[in-house]
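These figures come from a predicted structure and were not determined experimentally.
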Amino acid sequence: MIDNGLLVQMLMGALLGLSVYLPLAAGQLSLATPAFYAVGGTLAALLSTRWSALGATANGGFPVPSLLLEMALGGVLAGLLALLVGRLVLRLQGIYLAIATIALVEIVRVAILNLPFTGGAVGIFAIPQPFDTAAGYLLPALALLALAGWLCQRLELMPLGRAMAAIRHDELAASCMGLDTTQVKLTAFVLSAMLAGSTGALAAHFLNTWNARQGSFDTSITTLAFVVLGGSRTWLGPVVGGLLLTALPELLRPVGDVRLVLFGLVILLGPVLAPQGLVTPALLERLGGWSLRSGASRKTENAQP
Amino acid sequence: MTTSSPPSTAGSSGPIERQQRGALRLAALLAAGIGVLAWLGRSSDPAAKPLPAGPLTLGAAIAFTGNANLYGQDQRMGLALAERWAQQTGAPARPVRLQLEDGASDEPSAIAAFNLLIRQGVIALIGPTLSQQAFAADPIAQRQGVPVVAPSNTAKGIPEIGHFISRVSAQSSVIAPLSIEEALRRDPSIRRVAVFYAQDDAYSTAEVAIFQKALAARGLNPITVQRTQLADNDFQTPITSALQLKPQLVVLSVQAVAGGNLIRQLRELGYRGQIVVGNGLNTPNIYPICQRWCDGILIAQAYSPELNTPINRRFQQLFGQAHGDRPPPQITAQAFAAYQVLFEAIQRLQRKGGLTGVTLGQARANLMSELLSGTYATPLGPIGFSPEGEVRQDRFYVAEVRMAPGGRDGRFALVRELQLQENQP
Amino acid sequence: MIETLLQLLLNGAASGGVYALVALGYTLVFSVLGVINFAQGALFSVGGYLTFLLMGGKIGVNGALPGWGLPGGLPFWLALLVAAAGSGLVGLLVERVAFAPLRRRNAEPLLALITSLGAGVVVVNLLQLLMGAEGYAFPHGTDALGGLPGALMIAGARIRTIQLLLLLTSAGAVLALSLWLERSKGGRALRAVAEDATTAQLLGINSEAMVRLAFFLSGALAGLGGGLIGVSVSLPGPYFGIGYGLKGLAVLVLGGLGSVPGAIAGGLLMGLAEALVPSAASGWRDALAFAILFAVLLLRPSGLLGRRTVEKV
């Protein structure tokens with residue numbers, strides 16, 4: 001049912017979900033992820049097709065280390081852009097920030113469409129392939145996801161993560177407590193951009209082609225839906241949301257022409273039925289509380305309110 | 001709270017620790033799940049298996065959802081008509097069935113649809129709808145050795161993706177100059193030409209370059225080139241600035257609905273000269289948009305509804321039965337042709353024995369060589385393929401739109417039919 | 001030269017008027033609930049298609065019921081009004097399904113972005129199933145508008161009649177709405193809820209009814225815009241409203257969230273700015289709206305005419 005190609009797309013969905021989650025964990029609703037994704041993808045498409053030093057072969061092959069280098073560079077470039085833009089937009093709050101970041105996505109999209117070296121409407125094609133099959137992409141995608149997940153998991157125990165949670169809870173109080181809120185928010189924003197940029201670089205190879213249509217307003221909203229449906233309180237929420245929602249339209253193929261109507265209904269009803277998302281802190285707490293040794297201790301726990 | 005339990009047991013630490021542990025457990029669960037999915041979904045391309053007896057499956061991945069559905073729905077008609085045509089041409093040597101999938105309008109969906117169809121063991125693929133999608137999905141078919149016939153990809157570089165990629169949709173480079181020739185034949189005094197094109201559309205940008213070259217070859221330099229956007233439908237501003245320069249000929253390369261609007265607004269704003277339009281407007285879908293204002297525009301066609309050949313008459317008849325009395329769009333005819341060439345190649349190959357005692361992979365490879373070697377009498381006219389898979393179509397048409405008095409309906413009246421000697425890929 | 005400028009200004013004002021309609025729709029909902037209704041673009045499409053059907057248009061070959069149409073046909077103006085009301089009803093439905101359940105549960109306002117977007121996806125795809133993706137032009141075109149000529153000369157500038165009507169209609173609608181908000185009892189009640197829902201409740205205003213009214217009006221404004229654009233440039237497929245929805249969003253923030261005069265001024269400004277972009281740079285035109293928005297947000301985060309208020313999302 002789910003072939004390796006779709007699984008790679010699902011993993012990339014999870015990565016983009018995490019990218020939206022990171023600023024949100026610091027209380028910032030940023031929809032800029034597709035802009036950074038597009039920047040990373042464009043960079044990889046340009047480098048791998050124009051820069052022969054990376055070792056693209058005549059029959060369309062590409063060395064894996066070069067792919068990793070591109071993912072790193074894509075992350076760095078997106079991170080630098082985020083550093084630049086973040087200083088400006090992170091002064092905004094709530095819906096203002098959301099719309100400013102949508103504006104950023106549109107500006108980047110139009111720029112990629114109009115710049116003289118990005119292939120215009122057709123985009124860049126014949127991107128060389130580091131792997132023979134889609135299965136090859138599973139490893140870098142999983143590795144990136146594991147890295148991001150490990151970081152998010154660690155973050156909860158680190159001062160940075162605690163500061164982010166404090167800002168999300170009450171920004172004013174956090175700054176009164178002497179937190180450098182700007183710095184914390186900016187760090188989250190840059191991390192989010194780096195993740196999206198690296199994912200974009202990987203996606204450019206996976207998709208064989210890259211054009212301005214890849215990072216758009218639609219992607220902004222779909223990636224936000226990953227977070228909202230999966231759950232925005234823990235990092236596993238966006239991962240689960242990204243995996244499921246990317247697979248959903250494909251799994252709905254048997255219903256034929258109405259599959260996008262059903263997809264829309266899921267997005268519409270999901271938050272109504274599960275306002276906290278699928279993965280909630282309470283769920284994790286229950287999962288973590290399960291004792292592997294015996295059911296007896298659990299019984300006593302449950303007996304308490 | 002459970003803080004009362006002794007601190008040594010696993011399930012009794014604080015909520016943060018328990019959450020962390022829960023997250024790790026869920027992450028491990030997910031990782032295991034992904035591992036299982038990766039194992040279950042590992043490349044199970046059935047190419048190595050022997051080709052089963054019975055009907056062969058053609059897979060088509062075209063846009064049923066998203067913006068490109070505008071073209072996808074016309075292609076769906078063409079494929080359905082071709083299926084009916086194939087059923088009615090007597091008992092085929094090898095029956096063929098069609099498997100349709102939604103290739104949607106974006107690249108990931110096209111890839112997913114191609115992967116799905118390839119794993120289902122199709123013998124060949126038709127699609128995807130947009131050139132940008134073709135650049136994403138075709139390499140996958142190429143790597144797995146599955147023949148692809150593109151019904152509507154016109155961008156440069158599609159057949160070059162590889163041996164298994166071909167198309168029946170002629171590039172604009174071949175077609176576009178013909179209508180300019182006709183306009184200049186009608187009025188040799190034309191000196192002032194205005195050009196409009198959609199700058200963010202892959203098709204228009206390619207076609208307008210050809211138009212410009214054709215103009216330059218006749219010593220004409222456009223007095224103005226107006227750039228529009230794919231989603232634009234209000235063209236007053238560019239028209240206003242173009243009309244100030246008093247053009248005698250307007251050349252436009254945009255997609256169908258936008259083109260209809262552009263023509264109508266040009267006329268409403270007082271332009272009376274000739275209009276030459278690109279191949280994207282070769283669809284009766286423009287009639288309701290520009291209505292009586294469509295009258296008189298010149299268009300070069302890769303498909304003429306008025307072509308009088310047995311197969312085109314048959315195609316027209318089938319189209320009329322299914323969709324009422326109106327001419328079929330070019331894109332429908334091209335989708336029909338994509339099915340037809342594959343169907344005929346399969347029949348020839350079956351008779352030659354190229355489909356017996358082979359694996360699916362070999363059958364696909366044999367079909368590709370057979371496809372490229374043949375010639376086909378299609379509704380588009382006689383076509384064949386270059387060794388790269390580029391369509392060789394040597395008959396093109398110039399038509400003039402003539403609208404019925406009510407302005408609701410019209411036809412593409414054939415003005416000239418051109419036979420090209422040798423057609424460079 | 002003067003004529004050209006006048007022509008450009010009129011063109012810009014006409015598109016600006018439609019942007020203002022869409023932005024006003026957002027504004028009404030935002031001012032009472034503090035959330036953005038992402039289904040607004042889909043309602044714009046609904047208005048266009050409803051107007052088409054009410055005028056006696058027939059469904060094309062790719063629709064669910066090819067060749068079907070409503071019996072008879074209303075004159076354009078009546079069809080436009082009925083279609084606007086119809087879009088308003090769809091707006092009400094969106095409120096029931098995508099907003100009300102969240103409000104009852106006191107959920108995060110962020111969720112409404114997603115549910116309303118989901119509602120938009122459903123509406124647009126249903127439209128596509130019903131009508132197909134082909135372009136539709138109105139049954140009688142501009143001839144339906146009382147036999148007016150295709151274009152008029154105003155002080156030497158030639159402008160399409162329909163464009164002028166578009167400008168006048170949107171100006172009329174905007175004016176009527178502003179007056180109603182300012183003067184009438186219902187309008188004052190709506191503004192009271194927007195100011196402070198709790199106080200309004202204490203004053204005996206049914207705030208739930210006001211929320212519904214805001215959604216109805218908001219949908220009607222979008223529908224009106226869709227019908228007007230439809231008759232001006234035909235219906236180029238079910239997705240055509242989405243672009244206007246996005247542009248309206250930029251206008252909304254440009255003028256100031258929740259500010260009625262801001263939405264109008266923002267719309268006009270955006271339309272004019274776009275009309276003045278030279279063709280050579282038209283590729284960058286779509287970025288212009290957002291670049292202006294970006295600049296305004298950074299210099300004056302509350303918008304051109306907005307007040308500094310508490311953000312709810």
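- Taking chain C as the reference chain and counting heavy-atom pairs below 4.5 Å, the highest number among A:Asn114, A:Val261, A:Ile267, A:Ile221 is found for A:Asn114.
- For A:Thr222, no part lies under 4.5 angstrom from a heavy atom of chain C.
- Atom CZ of residue A:Arg233 and atom CG of residue A:Leu284 lie 13.0 Å apart, to the nearest 0.5 angstrom.
- Within 6.0 Å of CD in A:Gln276 there are 12 or fewer heavy atoms belonging to other residues, nucleotides or ligands.
- With respect to chain C, the highest number of heavy-atom pairs below 4.5 Å among A:Gly264, A:Gly277, A:Ser232 belongs to A:Gly264.
- Interface summary for chain A: among C:Val121, C:Leu129, C:Leu288, the most heavy-atom pairs under 4.5 angstrom belong to C:Leu129.
- With a threshold of 4.5 angstrom between heavy atoms, A:Val227 does not approach chain C through any atom at all.
- Residue A:Ala98 does not touch chain C at all, counting heavy-atom pairs closer than 4.5 Å.
- Residue A:Leu97 does not touch chain C at all, counting heavy-atom pairs closer than 4.5 Å.
- The environment of CZ in C:Arg96 is crowded: more than 12 heavy-atom neighbours from other residues, nucleotides or ligands sit within 6.0 Å.
- Here C:Leu297 is the residue among C:Ile242, C:Val123, C:Leu297 with the most heavy-atom pairs under 4.5 Å with chain A.
- Of the two parts of C:Glu108, only the side chain, counted from C-beta on, holds a non-hydrogen atom closer than 4.5 Å to a non-hydrogen atom of chain A.
- If you measure heavy-atom distances from C:Leu298 to chain A, the contacts under 4.5 Å come from both the backbone and the side chain.
- Ring-centre distance between C:Phe38 and A:Phe217: below the 6.0 Å cut-off.
- Of the atoms belonging to A:Val105, not a single heavy atom falls under 4.5 Å from chain C.
- Heavy-atom distances place both the backbone and the side chain of A:Leu224 under 4.5 Å from chain C.
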| request: Go through the steps to decide whether C:Lys247 and A:Glu106 satisfy the test salt bridge (charged side-chain N to carboxylate O under 4.0 Å, His left out), and finish with yes or no. | output: CA-CA 11 Å; C:Lys247 207 60 80 58; A:Glu106 278 295 296; over 6 Å; no
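- When heavy atoms are compared at a cutoff of 4.5 Å, A:Leu31 does not approach chain C at all.
- Looking at A:Pro249 and A:Arg259, their side chains come closer than 4.5 Å, going by heavy atoms from C-beta outward.
- For chain A, the option among C:Leu102, C:Val97, C:Leu246, C:Val124 with the highest count of heavy-atom pairs below 4.5 Å is C:Leu246.
- Of the atoms belonging to C:Leu293, it is side-chain heavy atoms, and not backbone ones, that fall under 4.5 Å from chain A.
- A donor-acceptor pair under 3.5 Å links the side-chain atoms of A:Thr42 to the main chain of A:Ala38, judged by distance alone.
- In terms of non-hydrogen atom pairs under 4.5 Å with chain A, the most contact-rich of C:Leu252, C:Ile114, C:Asn125 is C:Ile114.
- For A:Leu262, no part sits under 4.5 Å from any heavy atom of chain C, backbone or side chain.
- No part of C:Ala250 comes within reach of chain A, as not one of its non-hydrogen atoms sits under 4.5 angstrom from that chain.
- Within a 6.0 Å sphere centred on CG of A:Leu273, other residues, nucleotides and ligands contribute more than 12 heavy atoms.
- Between the side chains of A:Thr223 and A:Thr33, not a single donor N or O lies within less than 3.5 Å of an accepting N or O.
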| Run the side-chain contact (heavy atoms from CB on, under 4.5 Å) check on C:Leu257 and A:Tyr96 step by step: do they pass? | CA-CA 9 Å; C:Leu257 282 173; A:Tyr96 290 95; 3.5 Å; yes
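- Ring pair C:Phe240/C:Phe44: centre-to-centre distance below 6.0 Å.
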